[in-house]
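Below you'll find the structure I mean.
As the structure is a computational prediction, the values presented were derived from the model and not from experiment.
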Amino acid sequence: MKITFATGNDHKLQEINEISAGSGVEFVLPPEGFNPVEDGETFEENSLIKAREAARLSGMISLADDSGLCVEALNGAPGIHSARYAETAQARIDKLLLELECKDNRRAKFVCAMTLVDACGKVLFQTRGECHGEIARGQSGVNGFGYDPVFLISDRTMAEMSEDEKNEISHRGRALRKVLEFLSK
C-alpha cells in the first residue's frame, strides 16, 4: 500500500520508510506544490493541516506528522515553532543552548503528532508519540538531524545513536508504529 507522507523533508521520508520496513506500507512524497500554511496552535492541528493538503494534491490516503522539541525550563518552547526557532539547524541549537545556559532544569521531550486521512481528507486515525530526555550542555554525535545532537537519553545524544536505536525509541517511531498497527487491522 502506498501512502503520501506530507513532507518536503527527504530525511523524514527515509526515516519513516526505515521504521515501516516490512509492514507492506510504502510512503511517498506529495506532488509538487505541497506547501501548506501551518497556522495551527498544536502539533495535532498542524498535522491535520498537512495531511489534508497532501491528500488534496495527491488524491491518496495521506499521513502527516508535526513534531518538535518542548523544553520544561522554556515553558514548552520551542514547541510547534521548533523548525522556525532560528534560521538554520545550527542556529536553532545555538539559540537553545544559550537560552538554557543558566538553567538547571534541562528536561525536555520530543513530541510527534500524526494524522492519517483518506483521499478526501477525512480523519482516519490520529496519535501522538513522545520521547523524554534532557538537553545536553553541548553538541555530540553526527547522526540524525535537527536537535538530535543536544537531546540526551541516558548518557548519549540521539545523534550518537544508530538509526535503528533512534527509531526504536524516538517520538516519530512511537507514533508511526501506532499508525501501522491501525493500518494492519
Side-chain angles (χ1 to χ4, degrees), residues 1-38 40 42-70 79-80 82-83 89 109-133 141-149 151 153-154 156-185:
M1 163 191 294
K2 282 192 180 187
I3 294 177
T4 300
F5 185 59
T7 189
N9 183 329
D10 289 332
H11 190 89
K12 269 191 189 180
L13 179 69
Q14 178 185 346
E15 188 175 82
I16 69 149
N17 275 320
E18 286 171 4
I19 295 167
S20 63
S23 70
V25 177
E26 178 190 357
F27 293 94
V28 297
L29 290 173
E32 208 169 298
F34 177 75
N35 190 23
V37 177
E38 297 176 48
T42 65
F43 292 112
E44 287 79 7
E45 288 175 9
N46 283 334
S47 175
L48 178 58
I49 290 166
K50 291 189 274 189
R52 284 185 169 153
E53 178 64 4
R56 185 186 70 76
L57 288 171
S58 68
M60 295 171 55
I61 292 175
S62 297
L63 177 68
D65 89 327
D66 195 56
S67 52
L69 178 68
C70 301
I80 63 169
S82 293
K109 65 182 176 181
F110 273 125
V111 174
C112 175
M114 286 193 168
T115 303
L116 183 72
V117 300
D118 68 14
C120 298
K122 178 183 172 206
V123 175
L124 299 172
F125 186 71
Q126 276 192 306
T127 191
R128 177 186 264 237
E130 294 184 359
C131 180
H132 295 259
V142 296
N143 296 326
F145 62 99
Y147 296 96
D148 289 355
F151 191 81
I153 299 175
S154 298
R156 294 187 299 164
T157 67
M158 281 191 133
E160 292 175 303
M161 297 177 187
S162 71
E163 286 295 320
D164 286 343
E165 290 173 307
K166 177 186 166 185
N167 290 341
E168 188 63 34
I169 62 168
S170 77
H171 53 306
R172 188 167 294 111
R174 289 175 177 173
L176 183 59
R177 281 188 288 282
K178 292 175 192 174
V179 171
L180 294 171
E181 184 179 324
F182 169 80
L183 288 168
S184 70
K185 292 179 183 176

- Return yes if some donor-acceptor pair links the side-chain N/O of Tyr147 with the main-chain N/O of Ser82 below 3.5 Å, else return no. yes
- Reported CZ-to-OG1 distance for the pair Phe27 and Thr7, which is rounded to 0.5 angstrom: 12.5 Å
- Query: For Glu181, does the CD atom have more than 12 heavy-atom neighbours from other residues, nucleotides or ligands under 6.0 Å away?
  - Reply: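 Count not over threshold, so no.
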- Under 3.5 Å, is there a donor-acceptor pair between the side chain of Glu168 and the main chain of Glu165?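 Not confirmed, Glu168 side chain does not pair with Glu165 backbone.
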- Message: Treating Asn143 as the side-chain partner and Met161 as the backbone partner, does any N or O pair qualify as donor plus acceptor under 3.5 Å?
- Response: yes
- Query: Are any side-chain N or O atoms of Thr4 and backbone N or O atoms of Ser62, one a donor and one an acceptor, separated by less than 3.5 Å?
  - Reply: no
- Item | side chain to side chain contact (heavy atoms under 4.5 Å, CB included), paired with Phe5, selected from Leu29, Leu176, Asp65 |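 Among Leu29, Leu176, Asp65, the one that satisfies the side chain to side chain contact (heavy atoms under 4.5 Å, CB included) with Phe5 is Asp65.
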- Task: Give a yes or no answer on whether the side chain of Ser47 reaches the backbone of Glu45 with a donor-acceptor pair at less than 3.5 Å.
- Result: no
- Glu53 with Arg56: basic N within carboxylate O range, under 4.0 Å: yes
- Message: With a 4.0 Å cut-off on N to O distance, would you call Glu44 and Arg128 a salt bridge?
- Response: yes
- Rounded distance [0.5 Å steps], CE in Met1 versus OG in Ser23: 9.5 Å
- Would you confirm whether Asp148, through its side chain, and Phe145, through its main-chain N or O, come within 3.5 Å as a donor-acceptor pair?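 Pair found, side chain donor or acceptor close to backbone of Phe145.
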- Query: Where do Leu48 and Val117 land on the side chain to side chain contact (heavy atoms under 4.5 Å, CB included) test, with the steps shown first?
  - Reply: CA-CA 8 Å; Leu48 178 58; Val117 300; 4.1 Å; yes
